[in-house]
2 protein chains.
Amino acid sequence: MTDLYNFLDQHYKIAPTSKLALDEICISSSLKKNELLQNFGQTCKTIYFLKEGIARIFYLKDGIDITESFSFQGNIIARVESLFTGKPSQKAIQILEDAEIIAINATKLFKLYDTHHDIERLFRIIFEHAYVDTVNRIESIQFHSADERYKALLDETNYVQRIPLKHIASYLGITQVSLSRIRANIK
Amino acid sequence: MTDLYNFLDQHYKIAPTSKLALDEICISSSLKKNELLQNFGQTCKTIYFLKEGIARIFYLKDGIDITESFSFQGNIIARVESLFTGKPSQKAIQILEDAEIIAINATKLFKLYDTHHDIERLFRIIFEHAYVDTVNRIESIQFHSADERYKALLDETNYVQRIPLKHIASYLGITQVSLSRIRANIK
DNA sequence: CTATTCCTTTAACAAATGATAAATAATTAT
DNA sequence: ATAATTATTTATCATTTGTTAAAGGAATAG
């Protein structure tokens, strides 16, 4: 749990008793490459923290696999469009590199919000920051060429090298052929 | 304040005493077309509710005016990337049609969070929903042609007709020339 | 270790959008 | 009402990205 608390503390510090309450609703587990952490059609009722490994959220558009986002070591991953609406998610979460995760039961978490004001505040702040990241990502998508977005992604994280090109291409909103071409031009 | 409470109640109902506390930190005012509600460089410390009128958030990219979002009657507007980080905003808010607004003092609002748990919850939920809208918008930008996005925007709201084409073009991430061409093809 | 499958690259052509310039239309200020 | 400014359309050409197909590489299962 230490890694998770390091992450949480960065956003807002909660009382020791609140940490104990959080402990109660967390489960650790290991997953292998390519396993699905969550499948299509399920309503999202879990927030995951990645102690180790890489994961992605993806969906199928006209039968084509589109990566919505990646998550790396030390971050959380959740299908917020389902978590915050209670509707079934049309997205799935897949492990891209063997992972150690902590699953936070969101149903129980939301109940803890009633009794532990600081836990509600903590997660409010976490998701506010995630919201800001998403607003910034729109600018990146909308006003940069595919070439610029790829270079920016390379600068952002060196995990990129380990992710299959096709996932990066769909994340960037372009075809694999196009990304391959961009890569060739960079060299 | 009735319009504002209708909006707030849709998300989460707060206690009458909490409404009174909210009243204390709200100020109504009128603004004319083209006025700036907030200017570049200020840190965002106000959340606005639009009782009437149209507003947009915009910024300058390489000197070019880019519209990030529109807000219409019955909705709120805020520069969240500043509101949630405390950093100065590189964006401005402009009135596009004469407006009646309610300004909510965010600094005071955040203080109310400590004493009125339900107010914190209300705004948590409001911004969670705004976050979901933003996540969905990414899909819209990334996997639809400019033509499709324009048509979707037309379906979404008929306020579009009243907004200058150049603002819609930059919102859609294309040039005005390109949007004009798309419009011509639709007819 | 080999065969199979999946992933990535390359090429040729098509389609969408950008850039620039100029003409027309609409709005605003005087 | 008129002039000045601002917004929109149209046209041409350049660039980027998509589409399809085929070949070469890498990973995986048996």
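- Between A:F127 and A:F84, the two ring planes are perpendicular [angle over 60°; tilted spans 30° to 60°].
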For residues 12-24 of chain B, please give each side-chain donor-acceptor pair under 3.5 Å, one per line with the distance, not counting sequence neighbours.
residue : atom : partner : partner atom : Å
B:S18   : OG   : B:D118  : OD1          : 2.8
B:S18   : OG   : B:D118  : OD2          : 3.0
B:D23   : OD1  : B:Y5    : OH           : 2.7

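- Checked options B:K51, B:K33, B:K32; the residue passing with B:D98 is B:K32 (criterion: salt bridge (charged side-chain N to carboxylate O under 4.0 Å, His left out)).
- With respect to A:R124 and A:E128, a salt bridge is recorded, a charged nitrogen being found less than 4.0 Å from a carboxylate O.
- Across the protein-nucleic acid pair, A:L172 atom CG and D:dT16 atom P stand 16 Å apart, rounded to whole Å.
- Atom CG of A:N185 is separated from atom P of D:dT17 by 10 Å (rounded to the nearest Å).
- The six-membered or imidazole ring of B:Y150 lies away from that of B:Y171, with a centre-to-centre distance of 6.0 Å or more.
- Fit an axis to the five pairs at each end of the helix from C:dC1-D:dG30 to C:dT30-D:dA1 and the two axes sit 60° apart, to the nearest 10 degrees.
- Within residues 153-160 of chain B, no residue has a heavy atom under 4.0 Å from DNA chain D.
- Take A:E97 and apply the side chain to side chain contact (heavy atoms under 4.5 Å, CB included) test, not counting sequence neighbours, and it matches A:I54, A:R162.
- Although no hydrogens or angles enter the test, the distance criterion places no donor-acceptor pair under 3.5 Å between the side chain of B:T67 and the main chain of B:S170.
- Partners of A:H117 under the ring pair (Phe, Tyr, Trp, His ring centres under 6.0 Å) rule, at least two apart in sequence or in another chain, are B:H117.
- The only member of A:I93, A:I57, A:I77 that meets side-chain contact (heavy atoms from CB on, under 4.5 Å) when paired with A:Q38 is A:I93.
- B:H144 meets the ring pair (Phe, Tyr, Trp, His ring centres under 6.0 Å) test with no other residue; sequence neighbours excluded.
- B:F70 has its ring centre no less than 6.0 Å from the ring centre of B:Y159.
- Within residues 63-71 of chain A, no residue has any heavy atom under 4.0 Å from DNA chain C.
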Review item, side-chain donor-acceptor pairs of residues 100-111 of chain A, under 3.5 Å, at least two apart:
residue : atom : partner : partner atom : Å
A:E100  : OE1  : A:S30   : OG           : 3.2
A:E100  : OE2  : A:S30   : OG           : 3.0
A:N105  : OD1  : A:T107  : N            : 3.0
A:N105  : OD1  : A:K108  : N            : 2.9

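- The number of heavy-atom neighbours closer than 6.0 Å to NZ of A:K87, taken from other residues, nucleotides and ligands shown, is 12 or below.
- Under the 4.5 angstrom side-chain criterion for Ile, Leu, Val, Met, Phe, Trp and Tyr, the cluster partners of A:I66 are A:Y59, A:I64, B:F143.
- Partners of A:Y48 under the ring pair (Phe, Tyr, Trp, His ring centres under 6.0 Å) rule, at least two apart in sequence or in another chain, do not exist in this structure.
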Give the B/S/- string for nucleotides 25-30 of chain C, one per nucleotide from 5' to 3', where a protein heavy atom under 4.0 Å of the base yields B, of only the sugar-phosphate yields S, and otherwise -. ---S--
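- Atom P of nucleotide D:dG18 and atom CD of B:E148 are separated by 13 Å, given to the nearest angstrom.
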Summary of protein contacts for nucleotides 8-24 of chain C, nucleotide by nucleotide, where a base hit scores B, a sugar-phosphate-only hit scores S (4.0 Å, heavy atoms): BBBBB----BBBB----
